[in-house]
Amino acid sequence: MIVGILGCGSIANILINELKDDEDIKLKYFYDNDIEQSKKLAKIADGIATDNFELMVDKSDLIIEAASPRAVGLFIENTLKKGKSVVIMSVGYLMDVNNRKNLERIAKKNNAQIYLPSGAIVGLDGLKAASIGKIESVTLTTRKSPRSIGSNGKKEIIFDGKASEAVKIFPTNINVAAALSIASNMDINVKIIIDPEINRNIHEVHVKGEFGSFTSKTENVPSNINPKTSVLAAYSAVNLLKSLNKTIHI
């Protein structure tokens with residue numbers, strides 16, 4: 001499988017490192033607004049840096065978006081129209097129902113798939129199973145270090161509301177809220193706390209429904225390249241890519 005990457009930041013770096021010896025997945029094409037960054041990663045991966053996104057799509061079997069919600073809006077629609085499947089890391093873009101339905105419609109029409117990795121949390125499979133019945137509530141409490149949010153502030157609650165609003169205010173920081181909302185088919189409750197005493201991104205999820213209830217807590221190590229990105233988020237994309245070639249799916 002030939003893969004093109006849109007966005008050559010921390011996630012792309014981790015993908016290269018984890019997939020370099022995989023014979024079934026070839027990270028071949030790299031596209032970024034910063035051409036020097038794409039050239040750097042292409043050299044490491046023995047791939048090709050390009051400033052022609054459409055060319056990358058034509059020559060790839062699958063495109064990974066690892067850039068930003070804005071990049072999803074600019075590039076993914078045309079990718080799907082060409083019948084190419086995509087992995088979207090910036091899940092927050094899909095919190096807008098119109099955006100999500102539009103991409104879903106185009107994908108179906110052109111026999112393409114849209115893959116959303118589980119990201120920086122655990123428990124999404126359980127939540128999807130639970131959503132077969134009635135879900136009463138889903139709440140996410142996220143604790144971040146000031147560094148990961150680009151702040152030097154004291155400990156405080158910087159957001160308390162719905163996921164749909166959280167992704168607008170923090171488009172590159174709270175994709176987990178969007179993933180939980182899409183998996184549960186509801187606009188979940190989100191609280192974001194800045195805490196200078198921690199050095200990890202901590203996500204606590206509480207789910208209650210007809211099935212019963214569960215609580216999960218994920219303490220993520222931030223990427224060295226970009227503290228806004230958790231290593232687990234990149235690992236989830238690696239796992240998704242590997243699963244596409246597996247016969248047994250767990």
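This one's a predicted model, so the numbers in the text were calculated from it and none came from an experiment. What's counted below: heavy atoms across the whole structure, side chains too, no hydrogens, waters or symmetry copies. Nothing fancy with the numbering, it's 1 onward along the sequence.
- No side-chain heavy atom of Thr139 sits under 4.5 Å from any side-chain heavy atom of Val205.
- Within the 3.5 Å criterion, the main-chain N or O of Ile225 finds a donor-acceptor partner in the side chain of Ser223.
- Residues Ala42 and Ala49 approach most closely at CB-N, 3.5 Å, considering heavy atoms.
- The existence of a salt bridge linking Glu36 and Lys40 is excluded, since no basic side-chain nitrogen approaches an acidic carboxylate oxygen closer than 4.0 Å.
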**Request:** Could you please spell out the steps behind the side-chain contact (heavy atoms from CB on, under 4.5 Å) verdict for Val86 and Ile64?
**Result:** CA-CA 6 Å; Val86 299; Ile64 300 176; over 6 Å; no
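- With hydrophobic clusters built from ILVMFWY side chains whose heavy atoms lie under 4.5 angstrom apart, Tyr115 does not share a cluster with Tyr235.
- Atom CG of Asn224 sits in a sparse spot, with 12 or fewer heavy atoms from other residues, nucleotides or ligands closer than 6.0 Å.
- Two different hydrophobic clusters hold Met56 and Leu27 under the rule that ILVMFWY side chains link at heavy-atom gaps under 4.5 Å.
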**Message:** Before you tell me yes or no, could you show the steps for Phe30 and Leu6 under side-chain contact (heavy atoms from CB on, under 4.5 Å), namely the whole-Å CA-CA distance, both residues' side-chain angles and the distance that decides it to 0.1 Å?
**Reply:** CA-CA 6 Å; Phe30 297 83; Leu6 166 59; over 6 Å; no
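- Residues Asp187 and Ser164 have side chains that bring a donor and an acceptor to within less than 3.5 angstrom of each other.
- At distances below 3.5 Å, not a single donor-acceptor pair connects side-chain atoms of Ser230 with backbone N or O atoms of Leu232.
- Aromatic ring pairs are classed by plane angle as parallel below 30°, tilted from 30° to 60° and perpendicular above 60°; the pair Phe53 and Tyr31 is perpendicular.
- Put simply, the side chain of Glu104 never gets that close to the backbone of Ala107: no donor and acceptor are under 3.5 Å apart.
- Under the 3.5 Å distance criterion, with hydrogens and angles disregarded, no donor-acceptor pair is assigned to the side chains of Asn110 and Lys82.
- Judged by distance alone, the side chain of Ser85 and the main-chain N or O of Gln113 form a donor-acceptor pair under 3.5 Å.
- You'll find the side chain of Val87 stays beyond 4.5 Å of the side chain of Glu65, heavy atoms only.
- For the residue pair His206 and Thr215, a side-chain donor N or O sits within less than 3.5 Å of a side-chain acceptor on the partner.
- The backbone N or O of Val57 sits less than 3.5 Å from a side-chain atom of Lys84, completing a donor-acceptor pair.
- By the neighbour-count criterion of 12 heavy atoms within 6.0 Å, atom NZ of Lys208 is sparsely surrounded, having that number or fewer from other residues, nucleotides or ligands.
- Put simply, the side chain of Ser181 reaches to within 4.5 Å of the side chain of Met95, judged on heavy atoms.
- Remark: Lys43 engages no residue in a salt bridge (Lys or Arg N to Asp or Glu O under 4.0 Å) (not counting sequence neighbours).
- In this structure the side chain of Lys144 reaches within 4.5 angstrom of the side chain of Asn173, judged on heavy atoms.
- Shortest non-hydrogen contact noted between Lys217 and Ile202 is CE-CG2, 3.8 Å.
- No side-chain heavy atom of His249 sits less than 4.5 Å from a side-chain heavy atom of Leu244.
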Review item, side-chain donor-acceptor pairs of residues 14-23, under 3.5 Å, at least two apart:
unit_1, atom_1, unit_2, atom_2, d
Asp22, OD1, Asp24, N, 2.8
Asp22, OD1, Ile25, N, 3.2
Asp22, OD2, Lys242, NZ, 3.0

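- Linking ILVMFWY residues whenever their side-chain heavy atoms come closer than 4.5 Å, directly or via other members, places Ile194 and Val176 in the same cluster.
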**Request:** Given side-chain contact (heavy atoms from CB on, under 4.5 Å), test Thr142 with Ile174 step by step and report yes or no.
**Result:** CA-CA 9 Å; Thr142 291; Ile174 201 71; 3.7 Å; yes
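- Formation of a donor-acceptor pair under 3.5 Å by the Asp195 side chain with backbone atoms of Arg143 is not found in this model.
- Both Phe159 and Ile188 are part of a single hydrophobic cluster, where members link through side-chain heavy atoms under 4.5 Å apart.
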**Item:** Full working for side-chain contact (heavy atoms from CB on, under 4.5 Å) between Tyr29 and Val3
**Value:** CA-CA 7 Å; Tyr29 296 97; Val3 178; over 6 Å; no
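- The minimum heavy-atom distance between Leu41 and Gly9, with the atom names listed, is CD1-O, 4.4 Å.
- Summarising the geometry of Ile2 relative to Lys59, their closest heavy-atom pair is CG2-O, 3.6 Å, with the distance given to 0.1 Å.
- A pairwise comparison of heavy atoms in Gly4 and Ser60 identifies N-OG, 3.5 Å as the closest pair.
- The two atoms that bring Ser236 and Ala233 nearest to each other are OG-O, 2.6 Å, heavy atoms only.
- A donor-acceptor distance shorter than 3.5 angstrom exists from the side chain of Asn99 to the backbone of Tyr93, with no hydrogens or angles considered.
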Indicate every side-chain donor-acceptor pair of residues 118-129 with a distance under 3.5 Å to a residue at least two apart or in another chain.
unit_1, atom_1, unit_2, atom_2, d
Asp125, OD1, Lys128, NZ, 3.4

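- Using modelled atom types, one side-chain atom of Gln37 and one backbone atom of Cys8 make a donor-acceptor pair closer than 3.5 Å.
- A salt bridge links Lys168 to Glu165: at least one charged side-chain nitrogen sits closer than 4.0 Å to a carboxylate oxygen.
- Inter-residue side-chain proximity for Val72 and Arg70 is flagged as unmet; no heavy-atom pair is nearer than 4.5 Å.
- A 4.5 Å side-chain heavy-atom check between Asn220 and Arg200 finds every atom pair outside the cut-off.
- Using a distance-only test at 3.5 Å, with no hydrogens or angles considered, no donor-acceptor pair links the side chain of Glu136 to the main chain of Glu210.
- Grouping the Ile, Leu, Val, Met, Phe, Trp and Tyr side chains by contacts below 4.5 angstrom, directly or via other members, places Leu80 with Phe75.
- Between Thr218 and Asn201, the closest side-chain pair of non-hydrogen atoms is not below 4.5 Å.
- Side chain of Glu204 to main chain of Thr141: no donor-acceptor pair is present (N/O by atom type, distance under 3.5 Å, no hydrogens or angles).
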